[in-house]
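Before any comments, here is the structure.
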There are 2 protein chains.
Amino acid sequence: MTENQNIRVAVDAIVFGYQNSQLYVLLIQQKFGTQESYWALPGGLVKNDESLQDAVKRELKEETNVEVNYFEQLFTFGDDVNRDPRNRVISIAYYALVDPSKLKVQADTDAEHAQWFKINEIPALAFDHNQILKKGLERLKAKLTYEPIGFDLLPKEFLFSELENLYCTILEKEIERRNFRKKILSFGIVEETENYSPVKTGRPAKLFRFNHKKYNDLHEEGFHFEIKFA
Amino acid sequence: MTENQNIRVAVDAIVFGYQNSQLYVLLIQQKFGTQESYWALPGGLVKNDESLQDAVKRELKEETNVEVNYFEQLFTFGDDVNRDPRNRVISIAYYALVDPSKLKVQADTDAEHAQWFKINEIPALAFDHNQILKKGLERLKAKLTYEPIGFDLLPKEFLFSELENLYCTILEKEIERRNFRKKILSFGIVEETENYSPVKTGRPAKLFRFNHKKYNDLHEEGFHFEIKFA
DNA sequence: TTATATTTGTGTAAATCTTACGCATTTTAA
DNA sequence: TTAAAATGCGTAAGATTTACACAAATATAA
């Protein structure tokens, strides 16, 4: 009985990007198989001698030419025995956040079929990928409130208003500008730089930077990041 | 390449129990294989036509004779290619919480090698099971603070002091009795019963009950359970 | 029967954190 | 020079959290 198990192991990647008050996800167009022409999450089968993390990085790179160095495991999909009509396949889904500079890397080498989609313009995807994406989005929303991951979606130096908009956009909520700023600054993990934004409209604004080291130190001491909204 | 993938898919179960200010985990003794005589988490290979959830329930039942109807997926372990020395095996770990009545069901039928271990008397386990358990425990601790799961470890009717001790024990923290009680009661999800505890020492205490329905209703409306301690 | 030990059950004041709210400043473009 | 656009700032009221101590109900032992 242990000898005839016939289950494939795949990984899938949800890669989130953000720009101009829009959340994006990176998708690829299926070329082969029964799900041909459907868009899908990047991913594929794990190799025998490869870690799951490596597998998801490799597949992403192969299929979209995007490189990501940190993926977080999201969930393993394997309760629906027929989630892939060809074989029994279980998929370990991962997600990653990339900064806006990566949003332009489409139509590359063999990644011609990769494209960034706005989160609310996602088509019907192959397999159970809409469901996977849904779970990823829920996780993103939840994490945004209790871990400082929003910064991973912004350039190294960013405007406070961008951070603000990111929270509004992803969480689909209004926020009180003054209180938000006060709160974030009170943590002491975001610092003003000497630079001003190149934006030409309105009063010039200082650029800010997330201080990873400071956050890690505070975190060690028991600090918990948390942003709540009514 | 897709044809020669050779990776086994297993599930493992962390089953937590609680009694008398002690947190327990259910382990089995390995009978075969290189990890013979080591204690291990219940678990085994998934069948081709079986959901992951069903697999973990089946394995647990087979190996320990304990039945659990809700497992939560914890994490998938598959980055270490040699975590099982025999083959490449990835394992989807689940955890469950059971009430004290199940703590007695040892030495049953074919479950003679199953045993409850106190959480701080866990021996060296087979494979990477200590690591899996560690992750499970972290999750349990975290969830305890933001979801009302402590009740799953108690009998249907319980003393407030038992709930209190459960939190202290698992989180390894002191708590302020009056504030804890006030807080929990303020949620309106725990109700007094008409019954008194059979304990014969000290002032007789009312038994309390967790109202699942009430919690679900409140949760729908956006209520978030949360217990924090200094 | 009385005293002691044990555990339950409760209130309040101070401190902290959260919320709500509006206006002056600095720039660009008309 | 004026209008439009976005930044940057402070405070008072309300809500939540914390810290803290003693009386009540029972069983048991003296």
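For clarity, every value in this text was computed on a predicted model and none was experimentally measured. Labels below follow one simple rule: chain letters A, B, ... track the order of the sequence lines, proteins then strands, and each chain is numbered from 1.
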Taking the six-membered ring for Trp and the single ring otherwise, decide whether the centroids of Phe187(A) and Phe223(A) are under 6.0 Å apart. yes

Lys182(A) (side chain) and dT11(D) (base): donor-acceptor pair under 3.5 Å: yes

Here the distance between atom C1' of dT7(D) and atom CG of Leu207(A), to the nearest Å, is 13 Å

Can you check the Phe208(B) CZ to dG9(C) P distance for me, whole Å? 5 Å

Counting the benzene-type ring for Trp, do Tyr167(B) and Phe180(B) have ring centres under 6.0 Å apart? yes

Using distance alone, with no hydrogens and no angle criterion, decide if Asn216(A) and Lys213(A) have a side-chain donor and acceptor under 3.5 Å apart. no

Output the rounded distance in Å from CZ (Phe223(A)) to P (dC17(C)). 12 Å

Check the orientation of Phe75(A) and Phe77(A). Use parallel for under 30°, tilted for 30 to 60°, and perpendicular for over 60°. perpendicular

Report yes if a donor N or O on one partner sits less than 3.5 Å from an acceptor N or O on the other, where the partners are the side chain of Arg178(B) and the base of dG9(C); otherwise report no. no

Of all the nucleotides listed (dT7(D), dT8(C), dC21(C)), which has the minimum atom distance to the side chain of Ala205(B)? dT8(C)

Please report the distance, rounded to the nearest Å, between CZ in Arg181(B) and C1' in dT18(D). 18 Å

What integer distance in Å separates Phe180(B):CZ from dC20(D):C1'? 19 Å

Taking for each residue the nucleotide of DNA chain D bearing the nearest heavy atom, is the 5' side occupied by Val199(B) or by Gly202(A)? Gly202(A)

DNA chain D: Tyr196(B) or Lys206(A), which has the more 5' nearest nucleotide? Lys206(A)

Checking dT8(C), dA6(D), dC21(C) against the side chain of Thr201(A) (C-beta onward), the nearest is dA6(D)

How many Å lie between CD1 on Ile227(B) and P on dT18(D), as a whole number? 11 Å

If I take atom CZ in residue Phe160(B) and atom P in nucleotide dT8(C), what distance separates them, rounded to the nearest angstrom? 11 Å

State whether the distance check finds a donor on one side and an acceptor on the other, under 3.5 Å, for side chain Arg203(A) versus base dT26(C). no

Does a salt bridge link Lys57(A) with Glu62(A), judged by any charged N lying under 4.0 Å from a carboxylate O? no

Determine: side-chain N/O of Lys183(A) to OP1/OP2 of dT18(C), distance under 4.0 Å, yes or no. yes

Rounded to the nearest angstrom, tell me the gap between atom CZ in Phe187(B) and atom C1' in dT16(D). 12 Å

Go through the N and O atoms of the side chain of Arg177(B) and the base of dG9(C), and report whether any donor-acceptor pair is under 3.5 Å. yes

